[in-house]
Protein chains: 2
Amino acid sequence: MAITSHDVARLAGVSQPTVSRALRGDKRVSEATRQRVVQAATALGYVPSEAGRSLSTRTTKRVGVMVTDLTNPFYPHLIGPLHDELERRGYRMMLFAERSESAAADERLLDRSIDGVVLATATVDTALPGELSRRGMPFVFLNREAAGAGNDAAVVDNEAGGRVVAEELVRLGHRDIAIIAGPQSTTTGRDRELGFRYALAEAGIGLPAGRVRRGPFGFETGYGNLAALLSQRPAPTAVFCGNDVIAIGALNAAMRDGVRVPDDLTLIGFDDLPMAGWESFDLSTVRYDLNAMATAAAGLLVERIEGADGLDGNRRLVFPPVLVLRGTHRAR
Amino acid sequence: MAITSHDVARLAGVSQPTVSRALRGDKRVSEATRQRVVQAATALGYVPSEAGRSLSTRTTKRVGVMVTDLTNPFYPHLIGPLHDELERRGYRMMLFAERSESAAADERLLDRSIDGVVLATATVDTALPGELSRRGMPFVFLNREAAGAGNDAAVVDNEAGGRVVAEELVRLGHRDIAIIAGPQSTTTGRDRELGFRYALAEAGIGLPAGRVRRGPFGFETGYGNLAALLSQRPAPTAVFCGNDVIAIGALNAAMRDGVRVPDDLTLIGFDDLPMAGWESFDLSTVRYDLNAMATAAAGLLVERIEGADGLDGNRRLVFPPVLVLRGTHRAR
DNA sequence: TGATGATGTGCATACGTATGTCAATCTAGG
DNA sequence: CCTAGATTGACATACGTATGCACATCATCA
């Protein structure tokens, strides 16, 4: 049924290996023969079998990308640039949504159907990186990383990001400050909160337990937690959200409850997703080059794959956060 | 380096084929032997090579998904359910962003590295479906479909959706009506506009060229086209947008220009993305079961793959649209 | 007790490509 | 004109799994 290199060889009057070499541009095959082979291949509509090639070269030119919730508006902005950069470098992308069960020893990643993995989903205590290391499967952390670190990673300086938000809030005169953070099990959740806490503490401002809410990086976390935070007395005048999606959830909760932003409440997000700039939200947030970060992760991974362990140490690319002041903050 | 079934065979004291059979649950191998093999495999951490299996079975348990712009907020809601259903049925997902160049004869789809394709990106005149058919590559249309149809597809009744919007606008007393539609080259763009036109015409209302704008299904299309539409005299009092993302763009343009929605302008979208229900937008729109549609597409494709052409005719699943009236419309 | 069938395992091979090795042909230099 | 080297292509084989087929073992029944 399917056309193989043998069929091409027969038609071109050469051997199968010659077909392989001719099509791959091996200089040992003469121009005349190459022409003939190419012509035969085109005539038959020959497309080399990827499985055959993989088996022979022990390489798949495929990369896995692990994410959690695909419908979270954040991920597309990671996946888009990743896909493009991988494609540019000759790799294809397989998408894996994280399984709820043991993330360790995921057979899907170990059957040699991919050359490497982008982990965009790591929790600090996951066993997956260790497992991948033991198996010699190249990987890179994107956005989040695991605890031990010591691996390739492309991340934001989350702690600095948290700091800069706190400092701005203090500068604006806020004293009653709260946070709706991401999960403590993620570096993006933990470190943003950490930097925020540190900077507040340095300004002599506490962050009591009642002023701290946490949840997944989704709309619901912001939407569902704002009211409880605002019902405390004294009510916080500013809330830092662990990412833009949470902030947008909080913004909508404020709208629902008749809380005016920024008049009654200052809200700050993190990520500067395109939608943060929409008039509807006009969200003050923390920006970093998400696009470059994803692209860089693809680059790190491909280099690791092709570098055949020839790479020294582990490379950690840290992107600087910048405060973007739009319309959801206000001096107190 | 990597553990193969031969290694397992040696350790278990059986032949390689027996390992294969034992691990795949072939009933011809005795329970005792199976135990021994499983134990050896576990001890060595054996994971079968996907390339070897593919080569042997001529099957990859992999499905390609073609999309256009990954960062469009619409696609995640397609990809998410697709991924989950494919996984549930034992398939993995490869993600392909459409190339700008010739979509026809895409080698990435023809190297037998996937068992089938979900086309979520089809334009009415694409040559890709024909090419895939000729090659015997199973595929299914999702959301959009090509002109000739006659293939498996999971789509909304776009024309009915357009109709129901027009009828509602007429009922609300609007007479000066405009549309910001999707591309004419897509069935989602074309048919929604068509149904809208028909229903308006039946009510004796025209849709002159000046009241029609078109563009890609993105934020910018709504954001960039609303002002020109409203500057016409008489200005339209209602605008139907080809999808929610366009509508949200238009909504933001209205906000920018001080046009009050729904007081000054009625806006209707299409898709009912989760974000359409957010307080910020409170968008009146057309709902259909996007989740079920994506899931159904996965099902159609897998059945087509595994049915080995044993399927009669072509199956076209059409999901009914329902008007969801929220806060962006108003009687005239 | 010998034939029959059922059961369990090994042998051989297919799948399609890539590449190391070797042979054949050709070119050029002495 | 002969030989060394370069060029070109064929041959053989590896890659890892799955499966048709043959064979061996064992129980069963007449």
Side-chain angles (χ1 to χ4, degrees), chain A residues 1-41 44-62 90 107 110-115 135-136 306, chain B residues 1-38 40-41 44-62 90 107 110-115 135-136:
Chain A
M1 180 70 208
I3 311 290
T4 76
S5 52
H6 292 91
D7 301 319
V8 177
R10 204 172 308 123
L11 179 59
V14 297
S15 72
Q16 177 273 322
T18 297
V19 171
S20 174
R21 283 195 251 262
L23 296 181
R24 319 195 78 242
D26 191 312
K27 32 200 180 307
R28 295 191 351 183
V29 37
S30 72
E31 180 56 22
T33 308
R34 205 188 59 75
Q35 294 276 355
R36 205 146 34 91
V37 169
V38 167
Q39 195 173 336
L44 294 176
Y46 168 67
V47 179
S49 152
E50 197 275 330
R53 171 174 296 163
S54 287
L55 199 55
S56 185
T57 62
R58 301 154 150 287
T59 226
T60 64
K61 288 291 186 177
R62 230 176 284 138
E107 290 224 349
L110 297 173
D111 63 2
R112 280 157 285 166
S113 66
I114 52 178
D115 296 337
R135 297 286 195 148
E306 296 178 350
Chain B
M1 179 70 211
I3 311 289
T4 75
S5 53
H6 291 91
D7 301 320
V8 177
R10 204 171 311 123
L11 180 59
V14 297
S15 70
Q16 178 273 324
T18 297
V19 171
S20 173
R21 282 193 257 261
L23 296 182
R24 319 195 77 243
D26 190 315
K27 25 193 186 308
R28 296 187 344 185
V29 38
S30 73
E31 180 57 21
T33 307
R34 203 188 60 75
Q35 294 276 356
R36 205 145 32 91
V37 169
V38 167
L44 294 176
Y46 169 68
V47 179
S49 153
E50 196 276 330
R53 172 175 295 166
S54 287
L55 199 54
S56 186
T57 61
R58 300 153 151 287
T59 226
T60 64
K61 287 294 187 177
R62 230 176 283 138
E107 291 224 347
L110 298 173
D111 64 1
R112 281 154 285 165
S113 65
I114 53 178
D115 295 337
R135 297 288 194 145

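Here is the naming used below: chain letters follow the sequence lines, and residue numbers restart at 1 for every chain. As a basis for the values below, the full set of heavy atoms in this structure was taken, side chains included, without hydrogen atoms, waters or symmetry mates.
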Under 3.5 Å donor-acceptor pairs involving side-chain atoms of residues 22-32 of chain B, not counting sequence neighbours:
from, atom 1, to, atom 2, distance (Å)
Asp26(B), OD1, Arg28(B), N, 2.8
Ser30(B), OG, Thr33(B), N, 3.3
Ser30(B), OG, Thr33(B), OG1, 2.8
Glu31(B), OE1, Arg34(B), NE, 3.3
Glu31(B), OE2, Arg34(B), NH2, 3.1
Glu31(B), OE2, Gln35(B), NE2, 2.8

**Prompt:** For the helix from dT1(C)-dA30(D) to dG30(C)-dC1(D), what is the angle between the axes at its two ends, each from 5 pairs, rounded to 10°?
**Reply:** 50°

**Message:** At less than 4.0 Å, is any side-chain N or O atom of Arg58(B) found next to OP1 or OP2 of dG16(C)? Yes or no.
**Reply:** yes

Nucleotide N/O of nucleotides 17-21 of chain D paired with protein N/O under 3.5 Å:
from, atom 1, to, atom 2, distance (Å)
dT17(D), OP1, Tyr46(B), OH, 2.5
dT17(D), OP1, Ser49(B), N, 3.0
dT17(D), OP2, Ser5(B), N, 2.6
dT17(D), OP2, Ser5(B), OG, 2.7
dT17(D), O2, Ser56(B), OG, 3.1
dA18(D), OP1, Arg24(B), NE, 3.1
dA18(D), OP1, Arg53(B), NE, 2.7
dA18(D), OP1, Arg53(B), NH2, 3.2
dA18(D), OP2, Ser20(B), OG, 2.7
dA18(D), O4', Ser56(B), OG, 2.6
dA18(D), N7, Gln16(B), NE2, 3.3
dA18(D), N6, Gln16(B), OE1, 3.1
dG20(D), O6, Arg21(B), NH2, 3.0
dC21(D), N4, Arg28(B), NH2, 3.1

**Asked** Counting just side-chain N and O atoms, does Ser30(B) come under 4.0 Å of either OP1 or OP2 of dT9(C)?
**Response** yes

**Request:** May I have the distance from Asp26(A) (atom CG) to dA10(D) (atom C1'), rounded to whole angstrom?
**Result:** 14 Å

**Prompt:** Could you give the distance from CD (Gln39(A)) to CG (Leu44(A)), rounded to the nearest 0.5 Å?
**Reply:** 11.0 Å

**Complete:** By side-chain hydrogen bond (donor to acceptor under 3.5 Å, both in side chains), Thr59(A) pairs with (sequence neighbours left out) none

**Request:** Please work out if Val14(B) contacts a base, only the sugar-phosphate, or nothing of the nucleic acid, heavy-atom cut-off 4.0 Å.
**Result:** sugar-phosphate

**Asked** Mind checking what makes salt bridge (charged side-chain N to carboxylate O under 4.0 Å, His left out) contact with Arg10(B), not counting sequence neighbours?
**Response** Asp7(B)

**Fill in**
Taking every heavy atom of Ile3(B) against every heavy atom of Val8(B), the minimum-distance pair comes out as CG2-CG2, 4.4 Å

**Request:** Sequence neighbours left out, what passes side-chain hydrogen bond (donor to acceptor under 3.5 Å, both in side chains) with Thr60(A)? Give chain and number order.
**Result:** Asp115(A)

**Distance, rounded to the nearest Å, where Leu110(B) contributes CG and dG16(C) contributes P** = 16 Å

**All side-chain hydrogen bond (donor to acceptor under 3.5 Å, both in side chains) counterparts of Ser15(A), not counting sequence neighbours** = Thr18(A)

**Message:** Between C1' on dA14(D) and CG on Leu55(A), what's the gap in Å once rounded to a whole number?
**Reply:** 8 Å

**Asked** Does Arg62(A) have any side-chain hydrogen bond (donor to acceptor under 3.5 Å, both in side chains) partners at least two apart in sequence or in another chain, and if so, which?
**Response** Glu50(A)

**Asked** Separation of Lys27(A) atom NZ from dT19(C) atom P, in whole Å?
**Response** 11 Å

